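Data first, discussion second: the structure below is written as structure tokens.
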2 protein chains.
Amino acid sequence: MGGMKALSYSKGVIVSQSSQQITMQDIATQSGVSLSTVSRVLNGSENVSQEKQAAVMAAVEALNYRPNVFAQGLARGASRTVGVLTQHISAPFFDAILDGVLAGLRGTGYSPLFADGLWRADREERSIQLLLDRQVDGLIVLGGATSNCFLREIAAQKPLVLVGRVVPELTHQSVLFDDFKGAYLATQHLIELGHRQIVHITGILEHEDALLRKKGYLQALEDAGIPINDNLILEGNFVEQSGVLAVEMLFNRGQLFSAIFAANDQMAYGARLALYRRGIRVPEDVSLVGYDDLVHSAYTTPPLTTIHQPAFQMGEVAANTILGLIGGEQPEIAPFKAELIVRNSTARHR
Amino acid sequence: MGGMKALSYSKGVIVSQSSQQITMQDIATQSGVSLSTVSRVLNGSENVSQEKQAAVMAAVEALNYRPNVFAQGLARGASRTVGVLTQHISAPFFDAILDGVLAGLRGTGYSPLFADGLWRADREERSIQLLLDRQVDGLIVLGGATSNCFLREIAAQKPLVLVGRVVPELTHQSVLFDDFKGAYLATQHLIELGHRQIVHITGILEHEDALLRKKGYLQALEDAGIPINDNLILEGNFVEQSGVLAVEMLFNRGQLFSAIFAANDQMAYGARLALYRRGIRVPEDVSLVGYDDLVHSAYTTPPLTTIHQPAFQMGEVAANTILGLIGGEQPEIAPFKAELIVRNSTARHR
DNA sequence: CTACTTCTTGAAAGCGCTTTCACAGAATAA
DNA sequence: TTATTCTGTGAAAGCGCTTTCAAGAAGTAG
């Protein structure tokens, strides 16, 4: 029996033509064993005789049986799914992390479920709720604006891994950047090149990372004995346009400067454009440093000096950690360090 | 009854503390009606008296009941989920489309499920199978390398929308770019500026879009009476590095040219870098045109002349179409047209 | 040869929800 | 008044799978 469900073969993938799904019962009758035995060989959960095992596998093959994940999920109470909250599906840096997460999940039997938060606490919480509703077995949250309190509660009921987000009680399950150190390195690099009037275009200062980068910048100046000039610090919002605005502002004010450290590459691109429009050369007239080392930064003119963070690996680590957490292990996350990538947008101050 | 499941309230979102899920049965007993009645009010499927309706809603509220999607999916045979196959989670242009898809799905009760194909037929088919296994109600496929035959089979059993991918029988359910026209426009633009030696860096020529763009380029030349020079046509692979390689190649061969049309922006960036390294100015010495109008292209130095495609809207349309298809409607997709965006990377030939 | 494990197996009880069925009671028609 | 149609409702039967339980077969020990 069971042969009444029409099949068609194509490139090795067999597709059931009738929308009628093939169930375990079908393969049970087809191979002459009980439902439970089929389940056992499929899950390798218990001993099953060689012959029956073979019979079942043959039937599975022949009928191209595919388990119904809903039924499995319902029966098991687990979904083999991990929720991933990103902020914006096309935010370059986060995408690189996502890539790593995908890679880390590949072949583990777990699939990712995405949702985006758009950096807004309410949307983020709604998205997380949505993921939870879909019975994810664990949750990876990239950055974001939700309250620590909310995240703590989530962590209390589900395996949770945070990426680039500091929540005091949850640091052991967080993949962290060293934003302070990175910004320090960037600024220090400019100082070593002889720059004194160093502009900093910050990120959105409500975000922890933007704040830390600013602190790194300030600390580097202080350590070099360079007085802080508030006129050189402009608040941006992490997207290109705010970089051009910042530079425009500087010119409008008649502010002198010889170098710019932008809190991310995208704003550095914007700054670059504003300088270009004014006919100011990089790095001859002004040195420029970004942050994130987006793929694109190696191809700007000139290629951008920036701070590299191993986004892909961080994603992988996040994936591995969440799997470990789901499996009941204690997480153990080695810290990632920021690294200065010197390209051609910085030069000695003349 | 039902009150024994501990709850905690936080910012309006109520989170069950015990991992014990609250089920419909809980709210049924809590509100003193039967399971079926609860289902009815939750789904609004049949008439229920005002009082019971209120009682149920109150209980739902009080216990913060959240339906179990697996149980729902199993019982309904539908998942309220649409699968989205993209090629690479961090491919800029596809991401913009994804963004549109997300926006189109938002608030419809349907959630997206992503998978990536990495432009390889085998991975793509595996990913599609994975989405199918997860019982998606419909499928949106962005580009890709799977056989037409495979896609036709999928279309036969599930609602399917193709984006940027031509399959003869399925054009009515495809969101299409006009690659030919776009490339024609780009090339024509260069010709009008007086260029004659126009390089074309193609995409991967196994891809339909790359082929069409090349055809558009050729046609524009032909229409202008400019002889085709095969030495000016180099095959790239859609990523930055292939753009630099192409230009390097040109120089190594001592090939003369005054303009470059790259089959996408990323390769144009690469070409730009190679020119920069040689000290060749854009657009004074060489004009450069890309394709896709990535966000970034407005911020390159100089800002890149390119072909714009309304990626976001296309994503939205794809989402709406798949929802319509799931609802049994006949799809009706208006064609999108490519548009030339003239920025500063092109100038009159001297 | 009996008594006690150990294997292998099928039956059956859920998992949480939707939906059909049947049945009161109310409303309408005759 | 009686016959007929609605309406609102609960019981119960699945959806396809996992897992517990119990039992027969088989192996080991005394």
Side-chain angles (χ1 to χ4, degrees), chain A residues 1-2 5 16 18-56 59-60 63-81 109 132-135 137, chain B residues 2 5 16 18-57 59-60 63-81 109 132-135 137:
Chain A
M1 300 294 109
K5 302 194 180 178
S16 151
S18 66
S19 59
Q20 178 85 212
Q21 223 193 330
I22 288 167
T23 75
M24 268 176 48
Q25 185 56 61
D26 291 324
I27 88 147
T29 53
Q30 162 95 6
S31 54
V33 303
S34 77
L35 234 194
S36 3
T37 299
V38 175
S39 173
R40 282 190 267 261
V41 355
L42 256 27
N43 296 300
S45 47
E46 278 166 81
N47 294 350
V48 174
S49 71
Q50 288 292 320
E51 312 91 74
K52 303 218 170 189
Q53 204 150 333
V56 167
V60 164
L63 299 184
N64 185 243
Y65 166 75
R66 318 239 83 214
N68 179 319
V69 286
F70 286 166
Q72 286 186 149
L74 188 56
R76 290 186 180 136
S79 62
R80 299 284 163 83
T81 276
L132 254 23
D133 284 353
R134 300 221 159 233
Q135 313 285 126
D137 295 337
Chain B
K5 301 195 179 177
S16 151
S18 67
S19 59
Q20 178 83 211
Q21 223 196 331
I22 288 167
T23 75
M24 268 176 49
Q25 185 56 62
D26 290 324
I27 88 146
T29 54
Q30 162 96 4
S31 55
V33 304
S34 76
L35 232 194
S36 0
T37 299
V38 176
S39 172
R40 282 190 267 260
V41 355
L42 257 26
N43 296 300
S45 47
E46 277 166 81
N47 293 350
V48 174
S49 70
Q50 288 292 320
E51 312 91 73
K52 305 220 170 189
Q53 204 150 330
V56 168
M57 291 317 268
V60 164
L63 300 183
N64 185 244
Y65 166 73
R66 317 239 84 213
N68 179 318
V69 286
F70 286 166
Q72 286 186 148
L74 188 56
R76 290 187 179 135
S79 63
R80 298 284 163 83
T81 277
L132 255 22
D133 285 352
R134 299 220 159 234
Q135 314 284 126
D137 295 338

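Note that this is a predicted model, so its numbers are computed, not measured. Per chain, numbering begins at 1; letters A, B, ... match sequence-line order.
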Open item on the list: Expressed as a whole number of angstroms, how long is the span from A:M24:CE to D:dC15:P?
Closed with: 14 Å
Task: Nearest-0.5 Å distance that lies between atom CE in A:M24 and atom OG in A:S34 - done: 8.5 Å
Open item on the list: Please enumerate all residues that pass ring-ring contact (aromatic ring centres under 6.0 Å, His included) together with B:F70, with sequence neighbours excluded.
Closed with: A:F70
TODO: Give one of base, sugar-phosphate or nothing for A:V48, where a contact means two heavy atoms less than 4.0 Å apart.
DONE: sugar-phosphate
Task: Closest non-hydrogen atom pair between A:L63 and A:I22, with its separation - done: O-CD1, 2.9 Å
Open item on the list: I need the CZ-C1' distance between A:R76 and D:dT18, as an integer number of Å.
Closed with: 8 Å
Open item on the list: Looking at D:dT18, I'd like to know if its phosphate oxygens (OP1 or OP2) sit under 4.0 Å from a side-chain N or O belonging to A:Q72.
Closed with: yes
Open item on the list: Quick check: closest heavy atoms across A:Q135 and B:Q21, and the distance to 0.1 Å?
Closed with: OE1-NE2, 3.7 Å
Open item on the list: If I take atom CZ in residue A:R66 and atom C1' in nucleotide D:dC17, what distance separates them, rounded to the nearest angstrom?
Closed with: 16 Å
Task: Between CZ on residue B:R134 and OG1 on residue A:T81, distance to nearest 0.5 Å - done: 3.5 Å
TODO: Select from B:L74 and B:E51 the residue whose nearest nucleotide in DNA chain D is closer to the 5' end of that strand.
DONE: B:E51
- [ ] Using whole Å, report how far CG of A:D26 lies from P of D:dG16.
- [x] 9 Å
Task: Terminal axes of the helix from C:dC1-D:dG30 to C:dA30-D:dT1 (five pairs each): angle between them, nearest 10 degrees - done: 40°
Task: N or O in side chain of B:S49 less than 4.0 angstrom from D:dT9 OP1/OP2 - done: yes
Task: Whole-Å distance separating the CD atom of A:Q53 from the P atom of C:dC7 - done: 15 Å
Open item on the list: Nearest 0.5 angstrom please: A:L35 CG to A:T23 OG1, how far?
Closed with: 7.5 Å
Open item on the list: Is the shortest side-chain heavy-atom distance between B:V41 and B:M57 below 4.5 Å?
Closed with: yes
Task: Between D:dG16 (P) and A:Y65 (OH): distance, integer Å - done: 10 Å
TODO: Could you state the atom-to-atom distance from CG of A:N47 to P of C:dT6 in whole Å?
DONE: 13 Å
Expected rows: protein N/O vs nucleotides 10-14 of chain C N/O, under 3.5 Å:
{"residue": "C:dG10", "atom": "OP2", "partner": "A:S34", "partner atom": "N", "Å": "3.1"}
{"residue": "C:dG10", "atom": "OP2", "partner": "A:S34", "partner atom": "OG", "Å": "3.0"}
{"residue": "C:dG10", "atom": "OP2", "partner": "A:T37", "partner atom": "OG1", "Å": "2.5"}
{"residue": "C:dG10", "atom": "N7", "partner": "A:R40", "partner atom": "NH2", "Å": "2.6"}
{"residue": "C:dG10", "atom": "O6", "partner": "A:R40", "partner atom": "NH1", "Å": "3.3"}
{"residue": "C:dG10", "atom": "O6", "partner": "A:R40", "partner atom": "NH2", "Å": "3.4"}
{"residue": "C:dA11", "atom": "N7", "partner": "A:S36", "partner atom": "OG", "Å": "3.2"}
{"residue": "C:dA11", "atom": "N6", "partner": "A:S36", "partner atom": "OG", "Å": "3.1"}

Open item on the list: Any heavy-atom pair between the side chains of A:Y65 and A:L42 that's under 4.5 Å?
Closed with: yes
Task: Phosphate OP1/OP2 of D:dT18 contacted by A:N43 side-chain N/O (<4.0 Å) - done: yes
Task: d(CG, B:L63; C1', C:dG16) in whole Å - done: 15 Å
Open item on the list: Could you check whether atom CZ of A:R80 has more than 12 heavy atoms from other residues, nucleotides or ligands sitting under 6.0 Å from it?
Closed with: no
